[in-house]
Each structure stands twice: as structure tokens, then as C-alpha cells.
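As the structure is a prediction and not an experimental result, all values here were calculated from the model. Side chains included, hydrogens not; waters and symmetry mates left out as well; all remaining heavy atoms used. So that the names make sense, note that chain A is the first sequence line, chain B the second, and so on, each numbered from 1.
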Protein chains: 2
Amino acid sequence: MTKRPVTIKDIAKIAKVHDSTVSRALSNDPNISDKTKKRILGIAKELKYQRNDLAKSLRDRKTRIIGLVISDILNPFYTEVTRAIEDQAQAKGYNLMLCNSDYNPRKERNYLSLLMGKQVDGILIFPVLGKDNNLKLLRESNIPYVLMDTCPQDFHANYVYTDQKTGAYDAVTYLIERGHKDIVLYTGPKGLTSSSIQMELGYCQALTENNIKIKKKLIYSTVLSEKDHLEGTTRALLEKQKDLKFTAILCISDIFAKSVYECAQQMGIRIPDELSVIGYDDTYICPNLNPPLTSVSQLKYSIGQEAVDVLLKEIKAGQNWQYQTIKFTPKIVERGSVIQLKK
Amino acid sequence: MTKRPVTIKDIAKIAKVHDSTVSRALSNDPNISDKTKKRILGIAKELKYQRNDLAKSLRDRKTRIIGLVISDILNPFYTEVTRAIEDQAQAKGYNLMLCNSDYNPRKERNYLSLLMGKQVDGILIFPVLGKDNNLKLLRESNIPYVLMDTCPQDFHANYVYTDQKTGAYDAVTYLIERGHKDIVLYTGPKGLTSSSIQMELGYCQALTENNIKIKKKLIYSTVLSEKDHLEGTTRALLEKQKDLKFTAILCISDIFAKSVYECAQQMGIRIPDELSVIGYDDTYICPNLNPPLTSVSQLKYSIGQEAVDVLLKEIKAGQNWQYQTIKFTPKIVERGSVIQLKK
DNA sequence: CTGAAAGCGCTTACAG
DNA sequence: CTGAAAGCGCTTACAG
């Protein structure tokens with residue numbers, strides 16, 4: 001083992017031709033006779049030649065690798081989008097380098113500079129926002145990128161996102177229509193993701209339109225999405241039900257809703273009778289929860305595909321590219337976790 | 001955009017030193033005066049220099065990338081192991097290139113040669129077995145690798161695995177102790193994974209030891225784990241309950257068990273009253289299913305960590321490496337999906 | 001402590 | 001159709 005790998009030179013020596021001829025044979029260059037090509041290909045096969053993409057990429061200034069920065073690989077939402085991205089990238093001849101930011105700007109920054117160092121051709125990212133965000137870093141890199149699940153702001157870039165403001169608005173309206181007034185919005189780290197920001201806007205708008213006073217205490221956010229921590233935060237939230245008298249919770253993800261289910265069960269709070277719950281993302285866990293979880297659905301597969309398409313278009317276009325924005329609208333999938341309150 | 005990135009040469013020109021001096025400054029080489037080093041670092045920062053790892057890796061013959069080939073990113077088992085692997089790799093200064101084989105030897109082969117082309121330093125793989133397997137390809141590559149979740153055979157390699165034979169044996173014994181005799185083993189593609197092979201062995205052994213006749217028809221396997229397909233296969237299985245009169249199912253993964261839950265619900269089969277179910281992997285979906293799913297638990301995080309450790313040890317050791325095998329033993333986690341049959 | 005050179009493995013524009 | 005050369009951006013053994 002750890003033998004020196006066979007290179008083009010090795011083949012050239014055996015075939016008694018120049019390296020460049022071997023290269024041409026290997027890369028389907030038309031400027032080569034069928035005869036020598038076949039001979040070289042035969043030798044290459046025999047020696048189990050495997051091209052060194054590092055060298056090729058260095059020379060070509062492209063790697064055919066796309067960097068993907070997601071926030072949490074344990075969240076099925078990201079997993080499903082990742083799957084779509086992988087399929088689409090693969091179909092177009094690109095491969096993925098997957099990174100987990102854990103909603104942590106520092107980790108995100110490290111990964112970004114890793115990806116840049118590796119000379120990826122483009123980056124797909126679910127960015128962490130907030131004051132330490134890395135958007136400028138991205139821009140300065142001169143690598144094409146697409147911001148995912150991020151509502152366009154003044155920052156000029158490609159966006160592929162779902163309108164989470166409308167999602168939250170619809171969900172809260174749905175709850176209000178069923179008699180709920182004291183509704184908790186249970187989101188992730190305050191201001192760190194576009195989703196949490198947008199959902200809060202939608203939440204407030206729905207309440208306001210229905211003349212329901214917005215209570216700060218009902219807008220509840222975790223610090224991180226760490227599993228252990230989530231449990232503690234959820235428990236603390238549910239313990240406040242007696243004081244705050246809320247009857248429903250809209251969660252920023254199905255993962256959060258699942259945590260609510262778990263704590264509620266431990267604490268003897270019955271869903272939906274004593275507490276209605278709406279999840280977000282409509283991941284595969286919803287139907288089998290008890291009761292089945294009503295959730296706001298996003299087109300996870302389409303998001304992934306479109307993001308790849310936009311990115312590859314920019315990569316191909318090069319200099320004169322006009323940023324694109326693709327927006328999806330989410331939709332409530334009704335199941336059994338919301339109850340109609342008696343008047 | 002698409003400006004030429006700044007290189008060592010650019011810095012050298014400005015600093016009026018040779019490229020090699022810049023390189024030394026940038027890479028903490030002791031052979032450089034503090035003064036010039038500081039000056040160079042300053043310029044590098046100002047120009048936002050970002051090292052081209054392609055060039056460095058080409059020269060160093062190492063990339064600090066580990067290739068990881070899993071079977072299905074939508075299965076939380078792989079996701080949780082991937083997370084552990086990522087953490088551990090990161091801690092040791094390595095990064096991941098993630099690939100999905102989809103239990104498909106051809107896809108696996110493509111990914112393997114991709115990884116080899118990218119000159120990864122090592123490979124962690126949940127291999128697809130069967131006659132088209134790529135084990136020889138791996139061996140010939142001369143890249144260190146670890147076979148994961150694979151019971152050691154005559155093939156000489158590093159292994160990090162869980163003893164699924166014992167897992168299945170224990171689960172079936174558990175069912176037998178509760179009065180079940182007609183037990184289905186619901187596994188993935190026949191012979192394509194070590195788990196399915198080992199589980200079948202454990203299943204048969206448990207039955208035999210209890211003088212229960214093995215019925216071929218009760219050993220049921222899917223062709224692929226595609227979601228749509230899984231649904232159809234599960235439905236077909238459950239439709240046979242009247243004929244085959246089975247009272248329990250041991251599934252190869254929680255995903256499969258979840259599919260059983262879904263179909264059972266649609267078909268009006270009550271779990272566990274009419275059908276007991278045991279899942280496998282003890283993923284996070286178990287506790288919240290209705291009823292909570294009893295599952296065979298594996299140390300997913302440890303598996304991932306150990307695999308990275310073994311791989312990195314081989315990478316460091318180089319030539320004179322002795323293959324290692326690390327074996328874990330699974331354990332049943334009791335919940336509410338198995339009923340005690342009346343005598 | 002710094003410079004000049006060679007080389008990692010590949011590709012391609014230029015000759016012939 | 002083939003060869004010889006230059007270069008992608010970096011690092012390091014060798015001089016001085």
C-alpha cells in the first residue's frame with residue numbers, strides 16, 4: 001500500500017508517446033488517431049489509471065464541486081433538501097461538499113473559508129444572519145453563491161426561498177379561525193435565521209389583523225437547536241402554560257413540534273385537547289406522530305433543484321450575471337394536532 | 001466578479017520578496033524573521049489572500065478530506081452517524097465529502113472513483129455487498145478505508161460494526177418470550193447489506209433454538225429503500241397477514257417500522273394489539289410514534305467516532321498498518337409496540 | 001534568514 | 001496527428 005499512484009507519465013513511458021498525447025487520449029480530444037488512442041486507453045486500463053483531479057482542477061480553474069452549507073443535518077428538512085440538491089448536482093455533473101453550520105456564525109465562517117480554499121465552483125448556503133453574519137465574506141470571495149431560505153433584503157444576491165412570513169401568517173390565521181387567541185410562536189435563535197424573523201412578522205400581522213394584542217412573552221425562542229437544550233427550553237415553555245394560558249403553539253420546525261409533543265406527554269398535557277400544535281416543513285415525521293402533526297409544507301425538493309439550477313447558471317454565465325430570486329409559497333397540511341376551541 | 005484570485009506571487013511582488021518567503025510566512029515556518037513575517041501577513045490580510053488548497057494538496061499529496069459513502073441520507077440512522085463522523089473529523093482537522101450510494105453498486109462505484117480522483121486521504125463506507133460489490137476496487141485504490149456496519153468476512157480490512165446478528169437474535173427471542181411464533185423479518189434488499197444478511201442469521205438462530213420452524217415466506221425483503229416503493233412493499237406484506245397469520249414484525253430499520261405503522265393505520269390494523277413491531281437503530285423518531293416504537297439500539301455516535309479514529313490512525317501509520325476491527329453490541333430499547341400474547 | 005529551482009500531475013496553445 | 005513547453009499555485013530541499 002501507499003504505492004505511488006500511476007500518472008500520465010507512467011502511461012506515456014510505456015506507450016512511448018508524449019504525456020500530452022496520453023492526456024488527449026484520456027480526455028476524448030479529437031486530435032488523436034484512433035489507433036494510438038485505443039492503445040493508450042488499453043494501457044491506462046491495465047494500470048488502473050485514475051486521474052488526479054487536483055492537478056486537473058488546478059489547471060482548469062474549476063473543480064466541479066459545489067459547497068453546501070446547511071444548518072443542521074439532524075433536521076429532516078435540511079436532509080430532504082440536501083437530497084434534492086445532491087440529485088440535481090449529480091445530474092449536472094457536480095458533486096457536493098457538505099457542511100453543517102449549527103447556526104453558528106463562527107463555524108459557518110470556517111466552513112466558508114474551507115470551501116473557498118478547496119476552490120469550489122459555487123456555494124449553496126442557508127446563511128446564519130445576525131450581526132456576525134458572513135454575507136460580506138461570501139461576496140468578496142467572487143465565488144457564485146445562492147442564499148437559501150432567506151428572504152431578500154437589501155443585500156444583492158441570488159435567492160431561493162420560501163415565503164415564511166406568509167406561512168406563519170396563514171398558520172396563525174388558521175388557529176385564530178379555530179378560536180385560538182393566545183398563541184405561542186416557538187422559533188429558533190432570535191434573529192439568526194431569516195425564517196425566524198419572517199415568521200415573527202407573519203405572526204404579528206395575523207394577530208394584528210384580528211385585533212389580538214401581541215404579547216412579547218408568547219414569542220419564544222431557543223438559543224440553539226441542540227437537542228438537549230431544546231428539551232429544556234420546551235419544558236420551560238410548557239411550564240408557563242398555566243401563567244400565560246396559551247392554547248396553541250406554532251413551531252418553526254417539525255423538530256420543535258416533536259419536542260413539544262415529548263414534553264407535553266411527560267407533563268401530562270394532552271395534544272390537541274389542551275394544546276394545539278402546528279409544525280413547520282411537513283417532514284416525513286408528521287403523519288406518524290400522535291396525534292398526526294398539522295404542519296406548514298414547503299416544496300423541499302423543488303427548493304433544492306432550483307437552487308442548483310440558479311447556481312449552475314451563474315457559474316456558466318460568468319461575468320455578466322443578473323442575480324435571480326425564486327420564491328415559493330408554503331401551504332398548511334391539515335392533520336390532527338389542532339382543535340377547534342368552544343366559543 | 002470572476003477576478004483572478006490573489007496568489008502568493010501577488011503578495012511576493014508587493015512585499016518585494018521571493019514566493020518562497022511568502023509561503024514560509026503563511027505556513028508558520030520557523031525559518032523567517034518576525035519582521036518580514038509580520039509584514040507579509042499584513043499584506044496577505046489586506047489583499048484577502050486565500051490559499052489555494054488544490055495546489056497545496058497536489059504538492060503535499062494529501063487533501064485532509066475524508067470520503068464518506070452512506071446508503072441513504074433520508075434515513076436518520078445514517079444522518080446521526082454522519083453527524084458523529086463530521087464532528088470527529090472536524091476535531092482532527094479533516095473534512096467530509098459526503099456521498100449517497102442508495103444501495104446501488106453502480107452509484108457506489110461512481111462515487112468511489114470520484115473520491116479517488118479527488119485524492120481523498122481516506123474513505124469511510126457503508127458498503128453495498130452482493131456480487132457487484134466494489135470491495136476489490138477499494139483495495140486496489142491503496143487509499144485507507146474503513147468498512148462500516150459490515151460483519152468481517154474473509155475480506156481483510158478495517159471494520160467498525162455492530163453485531164446485527166445478535167441484535168436480531170435478541171429481538172426475536174424477546175418476541176418469542178412474549179408468545180410470538182409467527183414472526184416476520186422485514187429486511188432491505190436481499191444480500192446487499194451486511195445487516196440484512198446478519199439479521200437473517202440471528203433471526204433463524206433464535207427460531208431454531210426455540211424449535212420454531214423457519215418459514216421462508218416470513219422472511220420478507222424490499223428491492224430498494226425508495227420511499228414510494230417501500231410503501232407498496234409494506235402494504236403487500238401486511239395484506240398477507242391473513243394468510244400467513246404472523247403476529248409480529250422485526251424491521252431492519254426504524255424507517256421500515258414507520259412504514260409498517262403507516263400502512264397498518266391505513267388498513268385498520270392496530271399496533272400492537274393485532275401486530276407487534278420492533279424497529280432497528282433506535283433513531284429519534286421512535287419515542288413519538290403511536291405507540292412508541294420498541295427498537296434495537298446501536299451506539300450511532302460511537303460508531304462514527306471510532307470509524308474516524310481508526311481511519312486516521314491508518315492514514316498516519318502509512319505502510320505498516322495492521323487492520324483493526326471494532327465491534328459493538330446492540331441492545332433492545334423497550335417501548336410500547338410489542339404485546340404479550342395470551343397463551 | 002532569504003532566494004532560486006524543481007516538481008506535484010495535469011492540459012492546451014503552439015509548432016511541425 | 002504528435003511533441004515540446006509552459007503554467008496552474010503551492011512547498012521544500014538546497015545554497016548561500
Side-chain angles (χ1 to χ4, degrees), chain A residues 2-41 43-44 47-65 113 116-121 142-143, chain B residues 2-41 43-44 47-65 113 116-121 142-143:
Chain A
T2 319
K3 285 179 297 196
R4 195 177 58 73
V6 358
T7 71
I8 274 189
K9 270 186 201 149
D10 299 322
I11 300 177
K13 204 173 290 173
I14 295 178
K16 297 205 165 67
V17 293
H18 192 90
D19 309 6
S20 48
T21 306
V22 176
S23 174
R24 281 189 271 259
L26 257 22
S27 59
N28 261 358
D29 191 304
N31 292 320
I32 191 167
S33 74
D34 261 19
K35 209 178 105 207
T36 49
K37 181 170 174 179
K38 253 178 211 148
R39 193 162 57 89
I40 290 171
L41 254 30
I43 297 172
L47 297 186
K48 303 203 170 77
Y49 171 74
Q50 167 72 256
R51 182 174 62 200
N52 184 330
D53 286 334
L54 254 29
K56 178 175 170 54
S57 291
L58 180 60
R59 167 77 222 220
D60 292 352
R61 295 169 173 287
K62 63 186 174 201
T63 54
R64 299 220 138 225
I65 300 179
S113 74
M116 293 165 187
K118 300 288 183 197
Q119 311 296 117
V120 298
D121 291 348
N142 289 314
I143 297 177
Chain B
T2 318
K3 284 180 298 194
R4 196 176 58 72
V6 359
T7 71
I8 273 189
K9 271 185 199 150
D10 300 322
I11 300 177
K13 203 172 290 171
I14 295 177
K16 295 206 166 65
V17 293
H18 192 92
D19 308 4
S20 48
T21 306
V22 177
S23 174
R24 281 190 271 258
L26 257 21
S27 58
N28 261 356
D29 191 304
N31 293 320
I32 192 168
S33 75
D34 261 19
K35 208 177 108 209
T36 48
K37 182 169 171 179
K38 254 179 209 142
R39 192 162 56 89
I40 290 171
L41 254 29
I43 297 172
L47 298 187
K48 304 201 171 78
Y49 171 74
Q50 168 71 255
R51 182 174 62 202
N52 184 330
D53 286 334
L54 253 28
K56 178 174 171 52
S57 292
L58 180 62
R59 166 77 223 220
D60 292 351
R61 297 171 170 286
K62 61 186 176 201
T63 54
R64 298 220 139 226
I65 300 179
S113 74
M116 293 166 187
K118 299 289 184 197
Q119 311 298 115
V120 298
D121 291 348
N142 291 313
I143 297 176

Under a 3.5 Å cutoff on both atom distances, Watson-Crick or G-U, what's the dot-bracket for DNA chain D ([ ] crossing, | other strand)? |||.||||||||.|||
Under the salt bridge (Lys or Arg N to Asp or Glu O under 4.0 Å) rule, collect the residues that match up with A/Lys48, sequence neighbours excluded. B/Glu140
Taking salt bridge (charged side-chain N to carboxylate O under 4.0 Å, His left out) as the cut-off, I'd like each qualifying pair that reaches into residues 6-21 of chain B, sequence neighbours left out, listed once. B/Arg4-B/Asp10
At 4.0 Å (heavy atoms only), tell me whether A/Thr36 reaches a base, stays on the sugar-phosphate, or touches nothing. sugar-phosphate
Integer-rounded Å distance: D/dC1 P and A/Ile40 CD1: 13 Å
A/Asn52 versus A/Thr7: any side-chain heavy-atom pair under 4.5 Å? no
So, using side-chain contact (heavy atoms from CB on, under 4.5 Å) as the criterion, who are the partners of B/Asp121 when residues are at least two apart? B/Lys62, B/Thr63, B/Arg64, B/Tyr94, B/Ile315
When the side chains of residues 23-33 of chain A are checked against the rest of the protein, which donor-acceptor pairs come out under 3.5 Å, sequence neighbours left out?
| unit_1 | atom_1 | unit_2 | atom_2 | d |
| --- | --- | --- | --- | --- |
| A/Ser27 | OG | A/Ser23 | O | 2.8 |
| A/Asn28 | OD1 | A/Lys37 | NZ | 3.1 |
| A/Asp29 | OD1 | A/Asn31 | N | 2.7 |
| A/Ser33 | OG | A/Thr36 | N | 3.2 |
| A/Ser33 | OG | A/Thr36 | OG1 | 2.8 |

B/Lys118 vs A/Leu54, side chain to side chain contact (heavy atoms under 4.5 Å, CB included): CA-CA, chis, key distance, verdict: CA-CA 6 Å; B/Lys118 299 289 184 197; A/Leu54 254 29; 5.6 Å; no
Salt bridge (charged side-chain N to carboxylate O under 4.0 Å, His left out) partners of residues 49-58 of chain A, not counting sequence neighbours, each pair once: A/Arg51-A/Asp53, A/Lys56-A/Asp60
If you compare all heavy atoms of A/Ala15 against all heavy atoms of A/Ile40, which two are closest, and at what distance to 0.1 Å? CB-CG1, 4.2 Å
Starting at the 5' end of nucleotides 6-16 of chain D, put B wherever the base has a protein heavy atom under 4.0 Å, S where only the sugar-phosphate does, and a dash everywhere else. BBBBBBBB---
